[in-house]
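Let me begin by presenting the structure, written as structure tokens, before commenting on it.
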Amino acid sequence: MIDQNELIGFIAAVCTTFAFLPQVIKVWKTKQTKDLSLRMYAIMFIGICLWFVYGFKINSLSIVLANIVTGILVFTILVFTFKGKE
């Protein structure tokens, strides 16, 4: 059976991770990133990487999985942002 704290972590992870999904979909469809803050997404990506390491070190599956998915979503936005600068 899953630990109650880990279950709360999974629910929180789903909410916070998929909060990025509408932004990724909008950027993907419109190819527009001029109104997005590159610095914010860059700092966010660094934080996500650190949260991943932390989750791995404390053996928290919810933190690890959430930050893998969030990292992919934020990285996607960063790629579109850099492409838009070219």
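Just so you know, residue 1 is the first one in the sequence shown, and it goes up from there.
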*side-chain contact (heavy atoms from CB on, under 4.5 Å) partners for Ser37, two or more places apart*: Arg39, Met40
Just distance, no hydrogens or angles: give the donor-acceptor pairs under 3.5 Å from side chains in residues 7-16, sequence neighbours left out.
| residue | atom | partner | partner atom | Å |
| --- | --- | --- | --- | --- |
| Thr16 | OG1 | Ala12 | O | 3.0 |

*asked:* Using the rule given for side-chain contact (heavy atoms from CB on, under 4.5 Å), can you reason through Thr81 versus Tyr41, listing the C-alpha separation, both sets of side-chain angles and the distance that settles it, and then say yes or no?
replied: CA-CA 9 Å; Thr81 302; Tyr41 279 98; 5.7 Å; no
*Mind checking side-chain contact (heavy atoms from CB on, under 4.5 Å) for Val79 and listing every partner two or more places apart, or none if nothing turns up?*
Phe75, Lys83
*asked:* Looking at every non-hydrogen atom in both residues, tell me the closest pair between Thr70 and Thr17 and how far apart they are.
replied: OG1-OG1, 2.9 Å
*Look up atom CG in Leu78 and atom CG in Leu38, then write down how far apart they are to the nearest 0.5 Å.*
6.5 Å
*Do you know which two heavy atoms are closest between Leu21 and Leu73, and how far apart they sit?*
CD1-CD2, 3.9 Å
*Can you name the residues that form a side chain to side chain donor-acceptor pair (under 3.5 Å) with Ser62, not counting sequence neighbours?*
Glu6, Ser60
*asked:* For Lys29, give me all partners under side-chain contact (heavy atoms from CB on, under 4.5 Å), at least two apart in sequence or on another chain.
replied: Ile25
_Validation row: Gln32, Phe80 side chains within 4.5 angstrom (heavy atoms)_ = no
*Nearest non-hydrogen partners of Phe52 and Val64, listed with the distance*: CE1-CG1, 3.4 Å
*So how far is it from Ile77 CD1 to Phe20 CZ, rounded to the nearest 0.5 Å?*
7.0 Å
*asked:* Which label fits Tyr54 and Trp51: parallel for a plane angle under 30°, tilted from 30 to 60°, or perpendicular past 60°?
replied: perpendicular
*If Ile, Leu, Val, Met, Phe, Trp and Tyr residues are connected whenever their side-chain heavy atoms lie under 4.5 Å apart, and connections chain through other members, are Val53 and Ile63 in the same group?*
no
*Partner residues of Ile72 under the side-chain contact (heavy atoms from CB on, under 4.5 Å) criterion, sequence neighbours left out*: Ile68, Thr76
*Is Val27 close to Gln23 at the side-chain level, that is, under 4.5 Å between some pair of heavy atoms?*
yes
